[in-house]
Structure formats: C-alpha cells, structure tokens
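In what follows, chains are A, B, ... by sequence order, proteins preceding strands, each numbered from 1.
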Number of protein chains: 2
Amino acid sequence: MKKQTGAGRAPNIRDVAARAGVSHQTVSRVLNGSDRIRESTRQSVLDAIKATGYRPNSAARALVTRRSGLIGVLSTHQNAHYGPQTMQIAMERTARQAGYQLVLVSTSGERGAVDSAIERLLALDVEALIVLAPRTEVYRALAGVEARVPVLALDSSRREGASNVAVDQFLGSRLATRHLIDLGHKEIVHVGGPQDWIEAEERMQGYLFELGEAELEVTPPILGELSADFGYLAGRDLLRGRRFTGIVAINDQVAIGLLHAFREAGADVPARISVVGFDDIPEAAHIPPGLTTVRQDFVAVGERVVEAALAEIVSGAPSGAILLEPTLEVRGSTAPPTDAGWWASRPLS
Amino acid sequence: MKKQTGAGRAPNIRDVAARAGVSHQTVSRVLNGSDRIRESTRQSVLDAIKATGYRPNSAARALVTRRSGLIGVLSTHQNAHYGPQTMQIAMERTARQAGYQLVLVSTSGERGAVDSAIERLLALDVEALIVLAPRTEVYRALAGVEARVPVLALDSSRREGASNVAVDQFLGSRLATRHLIDLGHKEIVHVGGPQDWIEAEERMQGYLFELGEAELEVTPPILGELSADFGYLAGRDLLRGRRFTGIVAINDQVAIGLLHAFREAGADVPARISVVGFDDIPEAAHIPPGLTTVRQDFVAVGERVVEAALAEIVSGAPSGAILLEPTLEVRGSTAPPTDAGWWASRPLS
DNA sequence: ATCACCGATGAGAACGGTCACATCTCATCC
DNA sequence: GGATGAGATGTGACCGTTCTCATCGGTGAT
C-alpha cells in the first residue's frame, strides 16, 4: 500500500543492525544513548542508520515503554483568543524541550462531546491531560473518568485529583474594580462572560467582593460572549437603560466593543465613562483612548502547567495549585468620574 | 510504577475476551465493527468491555496497522494571531470528525529547529503533515526530507510534492490596493510583513502589481513584524518623512498600530489618510473609524486543508492546489483623498 | 447421505521496539 | 596462570493489537 522508493517497507531496527553487523539490541542502545557502547561501534551504527534512512517507530516504542511522549490538551472551539493561544504556544515550547509533544483536542461544551474528547485523548495514551477549557461541563465529565494520568487545569478552582495553574482571576477582577472605586466611581457595572466558564465566574466574584467592601450598590451584570460584537451590543443596551460611570469588562475584546458603542453614542471615555478590560491583549494600548486592563502572564502560565505536568508524570503525586498574580495596567480608558455620568447629557427616556 | 486501582496493569483485549468467553480476535472484531458477529456475542463482548474498563491501546493498534491517526501541524512561535488560530480550530474539528487527531509542533524560524520539528512529527508516524508556517526556511527544510507522507502547505506557493490550500493573498492585496486607487489615491505606501514569510511577499506583490497597472509611483515599503506595536512605530516613521494619502497594511494588527500613530499626530483617518488592513479580525469593525480590510475565510481554509490531507492519505496522490478568494470589507478607514494629504496641515520639516 | 459452501469464530504469527538476562572478551589480581 | 569482574554485546520474550488462515457447525444442492 504505502508508496515508497526502494524497499517495500520502512527500515527497522534489525535492518540497521544487519547493515552495521551488530545485534538489534546494540542499535537500540545507540538510539537511547547508552554509554556502554564502544565508540567505533556507535559510529558504524550511526552510519547504518543514515544509510538506511531509518527512523524509529514511536508506536512500537510507546507499546513497550508505555510512555507515549504525548501530553493531551483539552480545549474549546471558542478559543480564538489571545490568552489561550499564547498559553498553548508556551506549553508547546516547554513540552518540546522536555521531549514531549502536544496533542490537541477541542470540544464544544456539549455533554457527549466533552466525554468523547477526553476518551480520545486517553485512548492515545497521553501521559498527562491539561484542561485549557475551564468550563463546568468539562469538570463534570472529568469527574466521571477514572484517569490513570495526571490532570491539570488552567484555572484556580481546586478540584479533587486535579492540579491547578492559573492567574488569580478573583484578584485580577478585584484590582480592576478597586481601581475604579479608588478613582471615585460609585456606579460600576460588570459585563461578564458565559456562565459555564469558570474564570468568568471568578472574575464576577472579584467584582462583587470589592463592591461589597466599598459598600456600593450592585446592579445586575450583563452576561454574554467574549467578543467585541457582544461588547458592542451590551454597550448599547447599557446606555439605553442604566446609570453608571464605570464598567468592569470580562475581557479586552468586550471592552473594545463597549468603547465602540459609547463612542457612537457620544458618551466620551474616560470623561463620562471609565472602562477596564482584562487580559492586556497586544492591541490594548493602541485602541483609543488606550485600554486600562488587567495583565496576565499567559506565557508563565503555559510554562508552569507543563512543568507541573512533567513533574507529576515523574513523581505520580499531584503538584497542588500554583496561582500567579495579575497586575493592573492603567491607560487612558479610566479616569475619575464626572459629577454626573454620561446620562446627564442625554437623560434616560 | 503506574498507580491504579485494582490490577497491576490496564486490561487488554485478551482480558476482555476471557471475561466474555470468546477469543481475543472476536473482541477485536467487535471493536472494529465487523458485521460478521452474532448479535448476542457482540453484546456479551460489549458488556465485558464495560465491566473491565477496557480501553484500546492506540500504540499497539498503530504498530500493526501502520496508521497513527495523527495529522502533524507545523506551526511557528509567532502565531498568536487570529488567522492561524482560527484555522487550527477548524482543522482540529474537521480532523476529529474523520477520526484523526492533530499533533502540534511549533518552531522558531531557525535552521536546525525546523529540521528537528519535522523530524519529530515524522517520528510520530503522522499520516499527513500540514504546514501552518509558510516561511521560506520551512520549505528549505521540507525539501531535504524524504517524506513518506502527504505534505500540505497553507499558502499559495506551489511547491514540488506539496499540495496547497490558501486564500489568494496576491488577489487580496490587489483588492485592497485597487480600492484605494479607485478612491482616487495616488500616493500609497505598503507596510509589509517579515521578509521570510511567504504570504507577506505575496501581499507585497499584489500591491506592486496594482500600482503598476495604475502607473503610480512606488515608494519603498516598510517591512517589519505583524504586531500593533510595530504598526505604531511604522506609523510614526511614515509621518516623519513620507508623502502619502493611503496605506496598505500587512494585517489588521499593524493597521491598528498605524491608526494609533496617526490619531496621536492629529492626522485624521480617513479624512487625510486612508488605511486598509488584512484578515478582518473580529475587532476590526469596532475600532474607530472602522477598519476597511480584506476578509479571509480562515475556517474554510482549515476545513479544506484537512479534507485534502485525508483525501491524499487515502489516494496517495497529491490533491493539487486550492485557492480561495478573499473579499474586501469596506468600513470607515478609507475615503477619497483630500486635495492635499495629511502633510498639508503639518508640512515636512 | 454426501459435499460444497457460508457465516461465525478461533489460533497463531506478525508489527518494531525495549527489557531482562545470558554470554563473551579481556585486563587485573593474587 | 586461573579466578574474578566489568565492560561490551547478543538472545529471546514481551507489549497489545490486527492480519491471515484454519476450523467448526449448519444448510441447501446433488
């Protein structure tokens, strides 16, 4: 079947051995860098490898060693975002340097889909499972699986049997909210993310916590997607029926949409409305008037989670939770509130 | 070593067979959906599978079938962008529906790194190789590898032995440039991408082609990275020493940076300068004054390339080149040029 | 009744590595 | 000079599947 120049099948370790005039085991030793090999022998084996075009078969190796060299990543469809992507790249690099590869499976949030995604990864004999899709449904599915491998989640919810690496979303949201409060804002609205997304929940809790601390009135948050399109719609809705001077947005994309809606309505940011984003995407500084946002070190998270995974693969013991601290990046979209908010100029109808 | 409840090792096909009172081969038949199985037998096997918690070993299966079920994706570090990420998600979904998984290896552009990345993927027995990193260095490395598997590239450069699926970058850039020309612009500058990035080259060629057609003067392009930060720097440079009324930017991020620089300098867009981006990222419509840009259907590209890969896996024959057409998305950042460009208000020093 | 045939199932050999253990070759020591 | 031991290499089993081919029981044609 397999088309190929020359022989009918790929050369294996015994072909190399025959050519080098040694046993297959000696070839294996050279391949695995054993030091009990005479230099001249090693050389002739290496020559034979090159001459035959031999390439080790990882399936065979995985079969006997029970180590696939794979780390599974469970992701979601909606991850065309800066954060997950940046983490993924950092994870890949870290894994590669340790001799591992990343296998990606993404899933919609639906019940059966998550189960089968996990099943697929486990069937591949991944040595660790990293959950880049911190959604409640994913955890429900994980709980039902008796995983023989370390499971690590990229959020700060401590789960039975799963380690965590994450940026402290609760803290980040507190920083954002506190920043507005410190500026003097009293009417602060939260535009939040999908309810089944764990970090969205944490961010909302941080917002609520600071409002509680400052004894400010809580108005119902608006929950939706993580896109600029949604932010734009939310912004129009807000202008139509709310009193507020500050907004804590679930992420920068949503904040961008909000800015759009406010600009369109003539509600100047930051003169009349202050907006805080989350993530510090690379464009945040370039979008007028410069987006104040919570910066997360996604690269560090990606590196840490893989390091933790590798450690667990070796030790077999969970590595616990690692929580990184976000920082606030203050730019032009936040300022002290005016005496009256935006609605003073355009009273509610 | 491996911690586990109950037995010392994972159940295999013979354990299931013993429990069901059949031969291991019968279990294998049930697993592979053979129709030559009596219904009652199938049921008892399925029961035994459930009872033992059996999970097929993909390494063993891959060893004998020589099909790993993996598709390798060669990517670059700098891919924290909307396009590659969107394609990757679409690729993963399409592959998964066909029973394949994506293995991701990314690489810096350096010589040795690319070679080893390819080597790693081939060692994993990937059944096809998709190149999401259309850089010249990657092609050099690919040429040196005798790949026994289909190679597909996500750009429109036709290479020996590799199929292509791509959006026509040349055409896209022509659309962008032509749009400015049609509006009446005569002094149009290109802010381009990295020179070793194949699509950047094609976009520049499209720009040059249309300028030639219209017999307009070509000024030296500015080449750099694909980030808003770079766009901002490039914008400041341009304002300092060039005469122009229109800009064709290599992508939307760069365009966002340009807009920032122009806004800062008081050079109104689109009144004095028109800007066209590329990609149509989801934020493009929300950034003032709305970014005119070239829209690419990344999802379609991702789907098509995997479909082509699957077809090649089956047929063994290259599927040739597929070229999708981009479209122009006209928004607020482009308009007819004023009689004099931005420099009329702030003459060059 | 015999036999070819077919559907259902079983038995054993691959696949290409690594592991555990055996063997061989010398230099070293008493 | 033979026992000893360590380094270098070889031998065969085994990992968990699927593949090929054999077997078995029943059925319809002869």
Side-chain angles (χ1 to χ4, degrees), chain A residues 1-2 4 7-46 48-49 52-69 99 122-125 127 148, chain B residues 1-2 4 7-46 48-49 52-69 99 122-125 127 148:
Chain A
M1 264 294 115
K2 210 161 232 181
Q4 185 183 333
R9 70 183 214 306
N12 64 26
I13 204 173
R14 288 165 217 264
D15 297 328
V16 174
R19 178 152 194 142
V22 298
S23 74
H24 63 107
Q25 176 64 304
T26 299
V27 176
S28 174
R29 289 194 178 98
V30 170
L31 251 31
N32 291 288
S34 162
D35 51 351
R36 297 255 178 277
I37 292 283
R38 189 163 19 213
E39 190 49 36
S40 61
T41 311
R42 179 195 308 279
Q43 262 314 320
S44 65
V45 169
L46 290 177
I49 287 175
T52 53
Y54 168 78
R55 191 171 286 140
N57 180 316
S58 50
R61 177 175 293 173
L63 178 58
V64 59
T65 61
R66 293 152 180 286
R67 310 203 319 106
S68 62
L122 293 178
L124 266 182
D125 276 328
E127 295 183 44
R148 300 191 176 84
Chain B
M1 264 293 119
K2 210 158 235 184
Q4 184 184 333
R9 70 181 214 306
N12 63 25
I13 203 173
R14 287 167 212 266
D15 297 329
V16 174
R19 179 152 193 143
V22 299
S23 74
H24 67 273
Q25 177 62 302
T26 297
V27 177
S28 174
R29 288 196 178 95
V30 170
L31 250 31
N32 291 288
S34 163
D35 51 351
R36 298 258 177 276
I37 293 283
R38 186 154 33 204
E39 191 49 38
S40 61
T41 312
R42 179 195 309 281
Q43 262 315 320
S44 64
V45 168
L46 289 177
I49 286 175
T52 52
Y54 167 79
R55 188 173 287 142
N57 180 315
S58 49
R61 178 175 292 174
L63 178 59
V64 59
T65 61
R66 291 150 179 287
R67 309 202 322 107
S68 62
L122 293 179
L124 266 181
D125 276 328
E127 294 182 45
R148 299 192 177 82

Provide, to the nearest angstrom, the distance between the CD atom belonging to Q43(A) and the P atom belonging to dT9(D).
13 Å

Starting from the first five and the last five pairs of the helix from dA1(C)-dT30(D) to dC30(C)-dG1(D), work out the angle between the resulting helix axes, to 10 degrees.
50°

Pull out every protein N or O sitting under 3.5 Å from an N or O of nucleotides 23-27 of chain C, one pair per line with the distance.
none

Does a side-chain N or O of R36(A) approach OP1 or OP2 of dT9(D) to a distance below 4.0 Å, or not?
no

Can you tell me how far P of dA8(D) sits from CD of E39(A), to the nearest Å?
11 Å

Partner set under salt bridge (charged side-chain N to carboxylate O under 4.0 Å, His left out) for R67(B), not counting sequence neighbours:
E127(B)

side-chain contact (heavy atoms from CB on, under 4.5 Å) against A62(A), all qualifying residues, sequence neighbours excluded
A59(B)

Give each protein N/O atom lying under 3.5 Å from an N/O atom of nucleotides 16-19 of chain C, with the pair distance.
{"unit_1": "dG16(C)", "atom_1": "OP1", "unit_2": "R66(B)", "atom_2": "NH2", "d": "2.5"}
{"unit_1": "dG17(C)", "atom_1": "OP1", "unit_2": "Y54(A)", "atom_2": "OH", "d": "3.1"}
{"unit_1": "dG17(C)", "atom_1": "OP1", "unit_2": "N57(A)", "atom_2": "N", "d": "3.4"}
{"unit_1": "dG17(C)", "atom_1": "OP2", "unit_2": "I13(A)", "atom_2": "N", "d": "2.7"}
{"unit_1": "dG17(C)", "atom_1": "O5'", "unit_2": "Y54(A)", "atom_2": "OH", "d": "3.0"}
{"unit_1": "dG17(C)", "atom_1": "N7", "unit_2": "R14(A)", "atom_2": "NH2", "d": "3.2"}
{"unit_1": "dG17(C)", "atom_1": "O6", "unit_2": "R14(A)", "atom_2": "NH2", "d": "2.9"}
{"unit_1": "dT18(C)", "atom_1": "OP1", "unit_2": "N32(A)", "atom_2": "OD1", "d": "3.4"}
{"unit_1": "dT18(C)", "atom_1": "OP1", "unit_2": "N32(A)", "atom_2": "ND2", "d": "3.0"}
{"unit_1": "dT18(C)", "atom_1": "OP1", "unit_2": "R61(A)", "atom_2": "NE", "d": "3.1"}
{"unit_1": "dT18(C)", "atom_1": "OP1", "unit_2": "R61(A)", "atom_2": "NH2", "d": "3.3"}
{"unit_1": "dT18(C)", "atom_1": "OP2", "unit_2": "S28(A)", "atom_2": "OG", "d": "2.5"}
{"unit_1": "dC19(C)", "atom_1": "N4", "unit_2": "Q25(A)", "atom_2": "NE2", "d": "2.7"}

Could I get the full list of salt bridge (charged side-chain N to carboxylate O under 4.0 Å, His left out) partners for R42(A), not counting sequence neighbours?
E39(A)

Nearest heavy-atom approach of Y54(B) to L31(B) is OH-CD2, 3.5 Å

Send over the distance from R67(A) CZ to dC15(D) P, rounded to a whole Å.
19 Å

Identify each donor-acceptor pair in which a side-chain atom of residues 14-23 of chain A lies under 3.5 Å from a protein atom, sequence neighbours left out, and give them as a table.
{"unit_1": "D15(A)", "atom_1": "OD1", "unit_2": "R9(A)", "atom_2": "NH2", "d": "3.3"}
{"unit_1": "D15(A)", "atom_1": "OD2", "unit_2": "R9(A)", "atom_2": "NH2", "d": "3.0"}
{"unit_1": "D15(A)", "atom_1": "OD2", "unit_2": "N12(A)", "atom_2": "N", "d": "2.9"}
{"unit_1": "S23(A)", "atom_1": "OG", "unit_2": "Q25(A)", "atom_2": "N", "d": "3.4"}
{"unit_1": "S23(A)", "atom_1": "OG", "unit_2": "T26(A)", "atom_2": "N", "d": "3.4"}
{"unit_1": "S23(A)", "atom_1": "OG", "unit_2": "T26(A)", "atom_2": "OG1", "d": "3.3"}

Hey, does S58(B) reach any base, or is it just sugar-phosphate, or nothing, if we go heavy atoms under 4.0 Å?
nothing

Counting distance only, does the side-chain N/O of T52(B) pair as donor-acceptor with the main-chain N or O of P11(B) below 3.5 Å?
no

Could you tell me the separation between the CG atom of D35(A) and the C1' atom of dA6(D), rounded to a whole number of Å?
13 Å

Sorted by chain and residue number, the side-chain contact (heavy atoms from CB on, under 4.5 Å) partners of N32(A) (sequence neighbours excluded) come out as S28(A), R61(A)

